[in-house]
2 protein chains.
Amino acid sequence: MATLKDVAQLAGVSPRTVSNVVNDQPYVAGETRARVEAALAALDYRPNQLAKSLRTGKIGLLGFVVPDLAQSHFARLAAEVVQAATARGYTVAVDQTHGDIERERRLIQLGPRGAMFDGAIFHPEALRAEHIEHRESEFPLVLVGERIAGDHLDHVYIDDRAAAYEATRKLIADGHRRIAAIGLRRADYARTAHLREEGVRAALAEAEGVAAGHHQYVERYDAEDGYEAMANLVDSAERPDAVICFNDMLAMGALRRLHEHDVDVPGDMALVGFDDITEASFSFPPLTTVAADHAEIAETAVKALIGRIGDPGGAVREYLVSHRLVVRGSTRR
Amino acid sequence: MATLKDVAQLAGVSPRTVSNVVNDQPYVAGETRARVEAALAALDYRPNQLAKSLRTGKIGLLGFVVPDLAQSHFARLAAEVVQAATARGYTVAVDQTHGDIERERRLIQLGPRGAMFDGAIFHPEALRAEHIEHRESEFPLVLVGERIAGDHLDHVYIDDRAAAYEATRKLIADGHRRIAAIGLRRADYARTAHLREEGVRAALAEAEGVAAGHHQYVERYDAEDGYEAMANLVDSAERPDAVICFNDMLAMGALRRLHEHDVDVPGDMALVGFDDITEASFSFPPLTTVAADHAEIAETAVKALIGRIGDPGGAVREYLVSHRLVVRGSTRR
DNA sequence: TTGTAAGCGTTATCAA
DNA sequence: TTGATAACGCTTACAA
């Protein structure tokens with residue numbers, strides 16, 4: 001494979017000149033340029049990105065780190081991140097932590113040299129605030145999802161409290177009188193869950209004649225958890241007539257349990273989820289859910305990261321991304 | 001950030017010796033090693049992967065190229081590929097073609113220098129055999145999915161004909177008497193669709209008293225296509241009592257149409273899909289589907305690619321991966 | 001067992 | 001406008 005030097009030799013110029021032509025620099029005489037271009041074509045020259053990166057210090061690679069790419073929510077996010085990064089000339093490398101706290105911690109501490117990335121977008125799962133507070137590295141990092149970092153790192157998030165509040169208001173407006181939530185978490189670092197819980201409680205507190213059902217705590221936010229939690233509610237003496245799940249997979253599991261019990265949705269029980277994963281459009285009935293704008297999250301995170309790479313010392317920023325309630329068949333209209 | 005040279009200076013040895021320590025080479029005296037390790041720690045040395053790669057010619061990065069990561073099938077594959085690659089010390093960079101033939105062609109022609117990858121796993125969508133036949137590049141590439149490459153490239157695939165045959169046999173055994181397929185394609189390069197069609201036809205041909213419904217051609221293999229195709233079948237005078245869809249998203253769309261018409265599944269019509277995406281487990285009823293083993297595909301592809309990187313000139317190989325029919329509620333048991 | 005020094009293929013500095 | 005030439009940070013003959 002031809003190198004810059006080979007091309008220079010063939011064209012009878014210096015590597016410097018060839019580099020100028022390749023990178024569209026000014027100060028190249030027309031006649032010289034033509035000769036170089038001919039040589040370029042003759043040798044089918046392709047620049048070695050590695051050498052270029054070593055020299056310039058920019059790799060052109062962004063990391064995207066999530067617990068598990070197989071989960072629809074992360075997959076959609078990844079698709080949009082790749083899209084947004086590609087549009088800006090970056091490639092995206094994906095990594096999965098599977099919630100392994102050690103892997104996550106290592107990432108946070110990563111130095112820019114150790115990594116093959118210029119920076120990373122990171123959706124933490126197990127990590128908590130204290131792990132981030134005394135990180136020594138200056139590796140450009142943008143957090144998505146859990147707001148665990150205080151003001152130590154750039155962050156892209158939605159207003160979870162407001163979203164949960166709105167979803168609960170909708171259920172109340174639809175005439176439901178006993179509303180339970182599935183997806184609460186006890187750990188004090190589970191900020192997102194707490195914010196959503198707050199939103200639900202606030203809406204319930206200010207409504208007349210509406211009771212809270214037995215809110216359900218879960219561990220893993222998957223369909224199994226949702227199934228189990230709904231089992232508790234369905235058999236309960238005070239069965240709620242509406243349930244809000246803190247993500248769509250919980251709702252999918254809950255829905256499965258309701259089918260088994262022949263509970264009519266939304267007639268006997270309405271159901272709302274969070275995330276708007278594709279499963280939610282194809283369940284029966286299709287799920288009403290709080291949708292963050294995936295494209296906006298991705299776009300924002302990529303822009304924030306590229307900005308941070310360009311200005312490692314700048315002030316930490318938070319980016320609020322919009323959400324909306326997508327109303328489908330699992331609630332009344 | 002400290003370099004090898006800095007460490008060498010601090011430890012009072014040559015860069016060569018530091019390199020030996022870092023890379024666990026033999027021939028380092030215990031006392032020297034200790035001194036170097038102290039310096040390493042003191043300076044918090046992290047090797048520059050870029051420089052290493054430039055020198056060794058290996059990047060440690062595999063490309064994974066699919067039409068769209070947001071599609072569950074590709075997302076699951078990606079998750080497994082990342083897993084398999086990580087286990088072997090590689091990182092995975094993801095790229096999306098969105099079926100853009102130009103992007104796919106460029107990838108195929110990619111030189112190893114132009115790319116930042118050591119090689120790539122590629123699921124083509126628009127590309128055809130002729131594009132691959134005269135590719136000039138020797139860039140290590142393993143194809144997954146469509147078997148478009150003849151014997152020009154390594155390929156990982158399932159026996160689509162057998163899989164479709166088995167699925168159809170199951171429907172016949174369940175007592176269905178008019179069976180249609182959704183997902184046929186006219187283009188002669190759509191090998192997978194043709195093989196599945198062959199499997200269906202073979203099973204129908206050898207069965208007594210079973211008729212073929214009006215097989216449906218589609219364009220994009222998404223839920224919309226499935227919805228439209230099912231519309232044709234439901235209103236037809238010769239409505240089938242079982243339908244086999246060539247992927248799960250087609251089945252999801254078809255199912256939606258059936259719900260709108262209050263057609264009982266599987267009572268009035270049984271439904272089978274392909275791929276076993278997560279949507280299929282959470283539809284109502286859950287979808288019976290042909291599942292390729294995603295982990296096996298990914299593992300095989302990653303191993304094949306790494307093998308190919310190590311031996312660019314070796315004979316082209318095909319890898320057959322197993323499949324099975326996952327029976328759920330959309331068919332009788 | 002360790003040091004010296006030559007490259008990997010670029011970009012960038014300094015002259016010319 | 002172009003040419004030498006020195007980095008970038010590492011690995012690895014070849015010597016010692």
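Remember, it's a predicted structure, so these values are computed and weren't measured experimentally. Each chain gets a letter, A, B and so on, in the order its sequence line appears, and its residues count up from 1.
Nearest nucleotide to the Leu54(A) side chain, out of dT10(C), dT2(C), dG9(D): dG9(D). Residue Arg16(B) places its side chain closer to dA13(D) than to any other of dA13(D), dG9(D), dT1(C). Distance from the side chain of Thr3(A) is smallest to dT10(C) among dC10(D), dT10(C), dC8(D). Between dG7(C), dT10(C), dT1(D), one nucleotide has an atom nearer to the side chain of Arg55(B) than all others, and that is dG7(C).
Between Asp95(B) and Arg103(B) there is a salt bridge, with a side-chain nitrogen of the basic residue lying less than 4.0 Å from a carboxylate oxygen of the acidic one. In this structure, Arg317(A) does not pair ionically with Asp154(A), as no charged nitrogen and carboxylate oxygen lie closer than 4.0 Å. Ionic pairing of Glu125(A) and Arg220(A) is not present here: no N-O contact between side-chain nitrogen and carboxylate oxygen is shorter than 4.0 angstrom.
Between Tyr27(B) and the phosphate of dG3(C), there is no side-chain N or O to OP1/OP2 separation shorter than 4.0 Å. Remark: Lys5(A) is not in phosphate contact with dG9(C), judged by side-chain N or O atoms under 4.0 Å from OP1 or OP2. Listed pair Asn23(B) / dT11(D) meets the phosphate criterion, a side-chain N or O lying under 4.0 Å from OP1 or OP2. Between dG3(D) and Thr17(A), a contact under 4.0 Å exists linking OP1 or OP2 to a side-chain N or O. A close approach under 4.0 Å does not occur between any side-chain nitrogen or oxygen of Ser14(A) and OP1 or OP2 of dT2(D).
Across the interface with DNA chain D, nearest-nucleotide mapping of Thr32(A) and Pro15(A) shows Thr32(A) to be the residue nearer the 5′ end.
Protein atom CG of Leu4(A) is 13 Å distant from nucleotide atom P of dC8(C), rounded to whole Å. In this structure, Arg35(B) atom CZ and dT2(C) atom P are separated by 8 Å, rounded to whole Å. As rounded to whole Å, 13 Å separates atom C1' of dA13(D) from atom CG of Asn20(B).
Taking CZ of Phe74(A) as the reference point, atom CZ of Phe64(A) lies at 8.0 Å (rounded to 0.5 Å).
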